[in-house]
Amino acid sequence: MDSDKMKQGIIPGIMAGYVFLAYVGAGAGPAMMGEDGALSNMMPNGMIDMVGGMINSGAFVGFILHLIISAVIGALYTGFFADKVNLGDKLINVAVGGLIYGLIWWIIGGNIIMPVIAQGDILQLSIGPSFYGHIIFGHVLAFIVVVGGNALGMTDE
């Protein structure tokens, strides 16, 4: 395990976590059009409330916990995953690697960990804000790692 590589993913993980929350809706969830034409929320409790609820806390603690989780996932990306995706082109690596990494965390986080903690059904694999949010997270994380690493001289390329 290379701790220097893992450190390079902390800030990109936090930044991607912010984008994830902006997409899925940190508070009331994203506004979606219901069958009756009215706006409704697919995540009525809000993402931050759900994350905070994992440890019996509120939205503020959920926000902090989400950023910590995002930092850890970012560190794992640079420490273990980023080197495994080498398709010859940085943009393809970002697109494919970000997609795969986002899907991995959608399955692990959104379809296993969260349902287990909430005592719900695991592996429901429903396509919705969480699915797209995790894919966006993976792409943003991969992009920031590549662009940020090059801009700061943290990569060999």
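These numbers come from the heavy atoms of this one structure, side chains and all, not from hydrogens, waters or symmetry mates.
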Hey, is CZ on F143 packed in by over 12 heavy atoms from elsewhere, all under 6.0 Å?
no
For [X] and [Y], which heavy atoms make the closest approach, and how far apart are they?
| X | Y | value |
| --- | --- | --- |
| V146 | K90 | CG1-CD, 4.0 Å |
| S126 | F131 | O-CB, 4.2 Å |
| T78 | K5 | OG1-O, 2.5 Å |
| L65 | I55 | CD2-CD1, 4.1 Å |
| I48 | F63 | CG2-N, 3.4 Å |

Return the [atom1] to [atom2] distance between [X] and [Y], rounded to the nearest 0.5 Å.
| X | Y | atom1 | atom2 | result |
| --- | --- | --- | --- | --- |
| L67 | I10 | CG | CD1 | 13.0 Å |
| Q124 | S130 | CD | OG | 12.5 Å |
| N86 | I92 | CG | CD1 | 10.5 Å |

Would you mind telling me which of L141, V140, V24 makes a side-chain contact (heavy atoms from CB on, under 4.5 Å) with V19?
V140
Within the 4.5 Å heavy-atom criterion, are M54 and I69 side-chain neighbours or not?
yes
Just wondering, do S70 and Y18 contact through their side chains at under 4.5 Å, heavy atoms?
no
Cluster link F81 to L91, ILVMFWY, side chain under 4.5 Å
no
Those residues that, when tested against H66, pass ring-ring contact (aromatic ring centres under 6.0 Å, His included) (two or more places apart)
F20
Test of understanding: with ring-ring contact (aromatic ring centres under 6.0 Å, His included), list the residues that count as partners of Y132, not counting sequence neighbours.
none
Derivation of the side chain to side chain contact (heavy atoms under 4.5 Å, CB included) call for H139 and L99:
CA-CA 6 Å; H139 282 126; L99 173 67; 3.8 Å; yes
Counting only pairs under 3.5 Å, give me each side-chain donor-acceptor contact of residues 105-117, with atom names and distances, residues two or more places apart or in other chains.
residue : atom : partner : partner atom : Å
W105    : NE1  : Y101    : OH           : 3.2
N111    : OD1  : L125    : N            : 3.0
N111    : ND2  : W106    : O            : 3.0

